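For reference, the structure is listed below as structure tokens.
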Amino acid sequence: MLDIARTLDPDIDRTRDAPATPAALCADYDVVRRVIAFISENWRDQPSLEAIADHVGLSTSHVHHLFRRWAGLSPKAFLQAITLDNAKRLLDSSASVLDTTLELGLSGPGRLHDLFVNHEAMTPGDYKAKGAGLTLSYGYHPSPFGEAIVVATPRGLAGLGFVDEGNRCAALSDMRRRWPRAIFVADQEATAPYAERVFDSGRWRPDQPLDVVLIGTDFEVRVWRTLLGIPFGRATTYSAVAETIGKPSAARAVGAAVGRNPISFVVPCHRVVGRSGALTGYHWGLTRKRAILGWEAARVA
């Protein structure tokens, strides 16, 4: 997808600012979110940079540089990257993406997509117990997509979601309802290393894989493992995931499992789109889904 990004914005590599800290990117995201929402609602009209800047109440130069610092793309390039036509092209080029990654062995436990993730699943009994006996640490941390809530066990990352409009209670409740009988303990120190690993691409290294714990039904875990095989900057469909797990008629059930994925971004449910290329529902909001896909578009090597 980087080739597409370079075509849209040929100076992408020469003008990118030095990497910003997660906290700085988190601060940028509020403006970026409003820009993306405006672009998403008005992309058919191909709004000018002036119109975008006027909508968010900032100067054109401020919007342009802020957006490039956050995404690595200009607002105009991002606008083109999230159009339906571009999503269709992405799907066309990724038609066999899951088959390819499975054949290459990229979805095995040694290497799962570009975050280099090692995963393990809790037993079905652990899930049926609704978390009874589990102690989960949680904390809030900055990310390029707004403040994130990170949930961890001593064995690895178990949850990652996002805080909307500063509502930390809602974000925590969303995690608690997944494992209602687990004990949740606020522990920023325990969760900080996971947040740093997830959102700092300089630490995505095969010799230091990120440990992830999948807590769900057998079917959900199969779907989530398949999502881990979707390469960074690519996309696939719900029906393709269903076929990959040997359940070709279960696209609707796959969609439900994708929606229940508790580990946003790392388990890349944002890379699953409708057959037409339309960006269908996303638990953390379609604006954020567009933001993540656009952010990834500028970083694919």
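Predicted model, so just to flag it, every value in this text is computed and none were measured. Note that these values count all heavy atoms, side chains included, but never hydrogens, waters or copies made by symmetry.
- Counting only N and O atoms by type, the side chains of H141 and T191 include a donor and acceptor under 3.5 Å apart.
- Panel note: side chain W224, backbone I215; no donor-acceptor pair is recorded below 3.5 Å.
- Inter-residue side-chain proximity for I52 and I39 is flagged as met; some heavy-atom pair is nearer than 4.5 Å.
- To the nearest 0.5 Å, the span separating OG on S59 from CG on L66 amounts to 10.0 Å.
- Between W179 and A158, the shortest heavy-atom distance links the atoms CH2-O, 3.6 Å.
- Counting heavy atoms from C-beta on, the side chains of L214 and R225 come closer than 4.5 Å.
- Taking the six-membered ring for Trp and thresholds of 30 and 60 degrees, F145 and Y29 have ring planes more than 60 degrees apart, a perpendicular arrangement.
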Residue pair R176, F184: steps toward the side-chain contact (heavy atoms from CB on, under 4.5 Å) verdict: CA-CA 8 Å; R176 284 186 186 276; F184 282 75; 3.6 Å; yes
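- Remark: I230 CD1 to T236 OG1 distance equals 5.5 Å, nearest 0.5 Å.
- In plain terms, the two heavy atoms of I36 and A291 that are nearest each other are CD1-CB, 3.5 Å.
- Here the closest non-hydrogen pair linking A148 and L160 is CB-CD2, 4.5 Å.
- Scanning both residues, W284 and S264, for their nearest heavy atoms gives CZ3-CB, 3.4 Å.
- Between V223 and the choices D218, T244, V258, the side chain to side chain contact (heavy atoms under 4.5 Å, CB included) rule is met once, by V258.
- In this structure, N167 CG and D164 CG are separated by 8.5 Å, a value rounded to the nearest 0.5 Å.
- Closest non-hydrogen pair, P209 versus N118, comes out as CG-ND2, 3.1 Å.
- With hydrogens and angles disregarded, no donor-acceptor distance shorter than 3.5 Å links the side chain of E296 to the backbone of L293.
- The structure places CD1 of I183 at 9.0 Å from CG of L136, a figure rounded to the nearest 0.5 Å.
- Taking the six-membered ring for Trp and the full ring otherwise, the centers of F162 and F265 sit at least 6.0 Å from each other.
- For the atom pair CD of E147 and CG of D30, the computed distance is 12.5 Å after rounding to the nearest 0.5 Å.
- With hydrogens and angles ignored, the 3.5 Å screen pairs no side-chain donor or acceptor of R178 with any backbone N or O of G131.
- The closest side-chain heavy-atom distance from K247 to V254 is not below 4.5 Å.
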Salt bridge (charged side-chain N to carboxylate O under 4.0 Å, His left out) evaluation trace for R197 with D200: CA-CA 6 Å; R197 291 284 305 283; D200 181 358; over 6 Å; no
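- With rounding to the nearest 0.5 angstrom, the NE2 atom of H64 is 7.5 Å from the CG atom of L49.
- Between L157 and I263 there is a side-chain heavy-atom pair separated by less than 4.5 Å.
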Working for side-chain contact (heavy atoms from CB on, under 4.5 Å), residues H283 and N261: CA-CA 9 Å; H283 184 74; N261 167 35; over 6 Å; no
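- The two residues F38 and P47 have their closest heavy-atom pair at CE2-CB, 3.9 Å.
- Under the 4.5 Å side-chain criterion, counting only non-hydrogen atoms from C-beta, Y194 is not in contact with V151.
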Test side-chain hydrogen bond (donor to acceptor under 3.5 Å, both in side chains) applied to T287 and Y282, step by step: CA-CA 9 Å; T287 295; Y282 183 62; over 6 Å; no
Intermediate values then yes/no, side-chain contact (heavy atoms from CB on, under 4.5 Å), V185 and Y138: CA-CA 6 Å; V185 178; Y138 71 91; 5.7 Å; no
Worked check of side-chain contact (heavy atoms from CB on, under 4.5 Å) between R288 and I292: CA-CA 6 Å; R288 185 171 278 111; I292 296 173; 4.1 Å; yes
Evaluation steps, side-chain hydrogen bond (donor to acceptor under 3.5 Å, both in side chains), between N42 and H55: CA-CA 12 Å; N42 299 279; H55 176 75; over 6 Å; no
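- Geometrically, R168 engages Y140 in a cation-pi contact defined by less than 6.0 Å to the ring centre and at most 45° from the axis.
- For the pair R155 (side chain) and V213 (backbone), a donor-acceptor distance under 3.5 Å is absent.
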